[in-house]
Amino acid sequence: MTEAAAHTQKRERTGGYDPGEIEPRWQAWWAARGVYRAPNPGEPEFDPTRPKFYVLDMFPYPSGAGLHVGHPEGYTATDIVARYKRARGFNVLHPMGWDAFGLPAEQYAIQTGVHPAITTRKAIDTFRRQLQRFGFCYDWSREFATIDPDYYRWTQWIFLKLYNSWFDAGDRQQAAGNRQQEEVRRREETKAQRNEGQGAQTFGGAEGKGRARSIEELVAEFVSRQREPRINPDAAEHSATDKGQVFGPWSTLDRATKRRIIDSYRLAYLAEQTVNWCPKLGTALANEEVTADGLSERGHFPVFRKPLKQWMLRITAYADRLLDGLNVVDWPESTRIQQTEWIGRSEGAEIEFPLCMSVLGGASGGASDSASGTACLREAVTVPVRDTESASRRQVVPGRAAPEAGSGVAAEVLRVFTTRPDTIFGATYMVVAPEHPLVARVLEHPEPETDIEKLRAYVEAARNRGDVERMAGAEKTKTGVFTGVYCLNPAVAADSGVAEGSTEPVFAAHRARIPVWTADYVLMGYGTGAIMAVPGQDQRDWDFARTFGLPIIRTVQPPEGFDGEAYVGDGSAINSGFLNGLEIDDAKQRIIDWLEEKGIGRRRVQYKLRDWLFSRQRYWGEPFPIVFDEAGNHYPVEEGHLPVTLPEMADYHPEESDDPRPLLAKASGWARMTAGAAGVRAATDEGDVLGLPPDAPVSRETNTMPGWAGSCWYYLRYCDPKNPACFSGPEAHQYWMGKGGVDLYIGGAEHAVLHLLYARFWHKVLFDLGYVGTIEPFRKLFHQGLITSYAYQRPDKSLVAVDAVDEVEEGKFIERETGRPVAQVVAKMSKSLKNVVNPDDVIAEYGADTFRMYEMFMGPLEASKPWNTRDVGGLFKLCNRIWRLFIDPDSGAIAAAVTADAPTRGALRILHKTIKLVGEDIEHLKFNTAIARLFDFVNALTPMDRRPIAVLEPFLRVLAPFAPHLAEELRHRLCAAGLIPGAPAESVSITQLPWPEHDEALTKDDEVEIAVQILGKVKAKIVVPADADEATLERVALADAKVREQLAGRTVRKVIAVKGRLVNIVAG
RNA sequence: GCCGGAGUGGCGGAACUGGCAGACGCGCGGGAUUCAAAAUCCCGUUCUGGCAACAGAGUGUGGGUUCGAUUCCCACCUCCGGCACCA
């Protein structure tokens, strides 16, 4: 019989602690009275005099398997904080709901035909029941799920806001200048917010780095000629050639061009994306779902890389603001670093290298001029370029159109991005990605030195390998092929003419003409898909140069004795013409100035962050509020026609097809209709490119949104979850979000980048458009650690399931089957190791209060720690001991030692210490030490034969956040026995009572024990008044008998006394 | 490889801003209570030596700074997490 079971048996005979009876009773009582309901501003029960506190858990996905012991860890922490803050006089918003779209329910539907909604609702019911059994103080009246049409209607609405917005980069120069000032202002604001907890709203302001504006305003600027109609120069979906492309005045443009321009600005746009298409499964797969040998993880079907039109969100426009925001939030450093690295901002330069080709122009467009191309080649080889003026460029590449910044004429120059423009003199070759347009062009028009078969084979091989494969390839040996193309290093070419007499022109000219290679270590998706390779200062380039015997020139002086390969440290420039002698930073400035002056390069910031692929070919997700006309143009469904609900499906099997078609395409009755029926705005006239005639046939977008969509804004809906007219009423979310947003957000570190970045992005768009008043959604973020479990390990490190092991003696384990010894180790909980702990089982045996306290007592919240069932009993014992402080377990009556006597000084001291320390620990989320204080209190009270009510009752209010059922029960029993004079009526819940105030004077001991060290070793202890000063300490210490004995025959050289701490005597 | 975080008794862990290492809990040992057991209460519990007083060692390893280091500095080892040819 277990300890708890035995105890329960005893309780049946007597008045012992019985959580199985107490807890459901109080849960029902709290629910019936709506104790945890948080009224919104405007409701009669709302108290505007209190500050607000919004404490949020990360949105759970209700899996069919139910709750795991990892879930309640964070939930208990937020519950404690919510209860504590409520007791400290805050209006607390503490909601819960469900992130319910997702793959598992759909997979289940494919297998069984059961509608995902049914599966999902069932899983939600299980989760809710389990969470309610913990006694969490959620305001369940605010519950919703992302699958509710009333919710996803607003998810679609936000998508439309993105679709109908563009990012106005504004005057970047000015923005950069304002940056620091802005940051200071925001930091101040955040500080103020932290102090106040709430404040006035500033709506619709931007952050000084560009902002989202409505598409209508953009079109108006085109129409009024305020802005020149051109393709968005920052549009990732357009080729370098198309970016920034300029057309005539708006009124002269045709419908298609107008649409093309507008769409290039939208924050939600369609683009061809290469996806992992699995014909057998009928869906695109994420990179993680594809095995190394190109098969689907599920089913092992072939996967092909195929271009597919996908919705993308232009998150890259917000890269800088997403970075800046990280400075104003109180988040774990590691998470801020992860986001920073994910965004991956690099400052550098874009440089154009003139191409020397026999065939210019061609595939990538632009005028073909073979004569000048040949001339260029010849010229570069034989004639050092004298002219250092910008004319030199014209000379080298005649007939080249002068491009504007950001536009590209890929036919004649090779444009690269580099963070080390200072090393340009060391660029001995170039590398382009295999997908680079230059490669395709060379394949079509080979150069004399092109080995076309080799090149084609290389490019083919590269194509079917995804980026992941390419980069994670186990062997890092460099591969590549020379394209046959050369280009000119503009710096070397120019410099060779300047340095009169000192350099050898011919050598310089050879140095200036450098080969262009293609290699898969250069990625098409980053920068321009081309690099200048500087093997002297870059290890990757060094490795490549060594592999293929390319020249290496150091352009930074390594320190003496440097015996490494590429040198990436500090130093001054060498072999670098006019840069020689400059330190790296100065050399960068100098060369960029030079490049800009020549018009062949410019400063540029580059990000690793890519736009967000927002389409999924699934059923169980939010439909897009978008339709297409017969020409394939897209139109938004007007707000009044939302939500676009999911159709019923006869079966959920994806169509097996080589032609990627989302699952919803099977619902043809749902997908086809007229523009009028779909809710597309009726076109006003011929020139209206954004509307359609109502009778025009349209078909719905059949992709669905990804799982992240619903969780991007749920924290806003909680503020006003039932609002039928608005995503969240302004008064409600302005109040709960205050100026700093969510006050405490606890969840796993696995969402450190994706969810937390996507949500911030949506929030900033909503901020720009004036819908929310905070620049960041989550002010303070905290990650709870993983709860692990024990497993057993054979000597060969393989793991053994817990049920296959016997403990033969204390701490010694053997594998039952073999009799061989195994070691106990900590491992992740997993079905295969049979070490998963089910919270329901634990609660059935010990109750929710014990469970809550155990999880909080295991260790620091942020640490990963192993579940040890044996330890749970210790917390159960604590609950029992608390019970017996109040209740005589034999009779069930109030214990005889409970007295109305005035408390002793000692009893008051332990109470006030407990109040103070537990409060401080909760504020710092140090729940493990807070519970240690509760133990201290109980240890101090247990031996007392008179336990004053005046000490016991405040203790219950300190206990309540941790063990709410136990505290509630005991307090009601004291009330019923008439032991709480002048207390609120019994109908009041302990959770509605204020936190007891502690008296600082009462937390202090009168006397303290001070250690006396001699040469750093404790040799004696002295007892002195708590406030004894240093001189007193020294005097008492030196007078101590033991100390004198130790010091006999030695001279005291120095005495260090620290008030309240110790005395250290240096003697020799 | 790079960037974080962490290594403290048999176990989970504690230690403010450089000031008595091991709070609190588990486990274990002893005692009280009991016909007995469970439960409960009390005492002990870092290691080594000693009956003991006490002595010595001790916070991953090796150095350093300091009257004094788990805490600060340098080098290294191990584990966990993230990123991984991003020019």
Side-chain angles (χ1 to χ4, degrees), chain A residues 1-3 6-7 9-10 16 332-338 340-342 344 346 348 416-420 423 431 467-468 470-473 476 478 519-523 525-534 537-541 543-544 606-610 749-750 752-753 783 785-786 788 790 810-811 824 826 853-854 857-860 862-868 870-875 877-878 880-881 884 889 926 928-936 939 942-943 1009-1018 1020-1021 1053-1058 1060-1067:
Chain A
M1 190 187 307
T2 67
E3 196 179 298
H7 206 67
Q9 199 176 61
K10 179 176 180 188
E333 183 70 12
S334 63
T335 302
R336 296 193 345 239
I337 290 171
Q338 273 186 57
T340 303
E341 287 177 353
W342 189 266
S346 299
V416 304
F417 172 73
T418 177
T419 55
R420 293 293 303 274
T423 62
V431 186
D467 283 356
V468 175
R470 250 162 75 173
M471 295 195 283
K476 293 232 167 162
K478 296 279 185 289
D520 64 4
Y521 85 94
V522 172
L523 310 173
Y526 184 79
T528 59
I531 61 158
M532 62 176 208
V534 188
Q537 274 75 231
D538 185 295
Q539 190 59 43
R540 296 158 300 189
D541 298 341
D543 294 341
F544 190 84
Q606 180 67 43
Y607 304 91
K608 280 196 219 172
L609 183 70
R610 311 289 160 87
E750 67 273 19
V753 174
H783 297 306
L786 196 68
T788 55
Y790 290 111
E810 186 66 28
Q824 191 179 51
V826 168
M853 294 226 266
Y854 171 64
F857 189 61
M858 290 172 80
E862 68 275 20
S864 154
K865 47 222 164 222
W867 181 279
N868 189 352
R870 197 174 64 183
D871 289 348
V872 180
L875 281 298
K877 221 160 94 179
L878 175 65
N880 276 284
R881 292 178 66 199
R884 288 194 305 270
K926 290 172 62 176
N928 54 331
T929 51
I931 289 171
R933 310 297 173 206
L934 300 180
F935 271 109
D936 285 339
N939 287 340
T942 298
E1009 197 185 56
I1010 298 282
V1012 182
Q1013 299 180 336
I1014 294 172
L1015 290 170
K1017 302 227 174 246
V1018 180
K1021 303 259 168 113
R1053 292 224 197 88
K1054 193 174 172 186
V1055 178
I1056 294 117
V1058 182
R1061 300 272 180 216
L1062 54 47
V1063 179
N1064 189 10
I1065 299 166
V1066 186

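Throughout, a chain's letter reflects where its sequence line sits, starting with A, and its residues are numbered from 1.
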*Starting at the 5' end of RNA chain B, write a dot or bracket for each base, bracketing those in Watson-Crick or G-U wobble pairs whose two distances are under 3.5 Å and using | for partners on another strand.*
(((((((..(((......[....)))((((((.......))))))((((....))))..(((((..]....))))))))))))....

Pairs: protein N or O with nucleotides 70-73 of chain B N or O, under 3.5 Å:
none

*B:C24 and B:C41: how far apart are their P atoms, nearest whole angstrom?*
15 Å

*Touch check for A:E1009, heavy atoms < 4.0 angstrom, all strands: base, sugar-phosphate only, or nothing?*
base

*Checking all strands, does A:Y790 fall into the base, sugar-phosphate, or nothing category for heavy-atom contacts under 4.0 angstrom?*
sugar-phosphate

*Euclidean distance for C1', B:G31 against B:A21 (whole angstrom)*: 29 Å

*Please name all residues satisfying side chain to side chain contact (heavy atoms under 4.5 Å, CB included) with A:L786, sequence neighbours left out, ordered by chain then number.*
A:T788, A:K828, A:S864

*asked:* Does B:G56 have its OP1 or OP2 closer than 4.0 Å to a side-chain nitrogen or oxygen of A:K1017?
replied: no

*Examine the base of B:C26 for any acceptor or donor lying under 3.5 Å from a partner atom in the side chain of A:D871, and report the outcome as yes or no.*
no

*For A:R881, which contact category applies under a 4.0 Å heavy-atom criterion: base, sugar-phosphate, or nothing?*
sugar-phosphate

*Using a 90° cut-off around 0 for syn, call B:G9 syn or anti.*
syn

*Determine the contact category for A:V1066: base if any of its heavy atoms lies under 4.0 Å from a base atom, sugar-phosphate if only primed atoms, P, OP1 or OP2 are that close, otherwise nothing.*
sugar-phosphate

Using a cutoff of under 3.5 Å, can you pull out all pairs of nitrogen or oxygen atoms linking the protein to nucleotides 13-16 of chain B, with atom names and distances?
from, atom 1, to, atom 2, distance (Å)
B:A14, OP1, A:N928, ND2, 2.9
B:A15, OP1, A:K926, NZ, 2.9
B:C16, O2, A:R1061, NH2, 2.9
B:C16, N3, A:R1061, NH1, 3.0
B:C16, N3, A:R1061, NH2, 2.4
B:C16, N4, A:R1061, NH1, 3.3

*asked:* By the 4.0 Å heavy-atom rule, please label A:F417 as base, sugar-phosphate, or nothing.
replied: base

*Got a sec, which residues hit ring pair (Phe, Tyr, Trp, His ring centres under 6.0 Å) with A:W867, two or more places apart in sequence or on another chain?*
A:F851, A:Y854

*5' priority, RNA chain B, between A:D936 and A:P943 [closest heavy atom]*: A:D936

*Select base, sugar-phosphate, or nothing to describe what A:N939 touches, counting heavy atoms under 4.0 Å on all strands.*
sugar-phosphate

*asked:* In whole Å, measure the gap between the P atoms of B:A52 and B:G68 for me.
replied: 32 Å

_ring pair (Phe, Tyr, Trp, His ring centres under 6.0 Å) partners for A:F544, two or more places apart_ = A:Y429, A:W517, A:Y521, A:F548

*Say you pick atom P in B:C47 and the same atom in B:C74; how far apart are they, in whole Å?*
35 Å

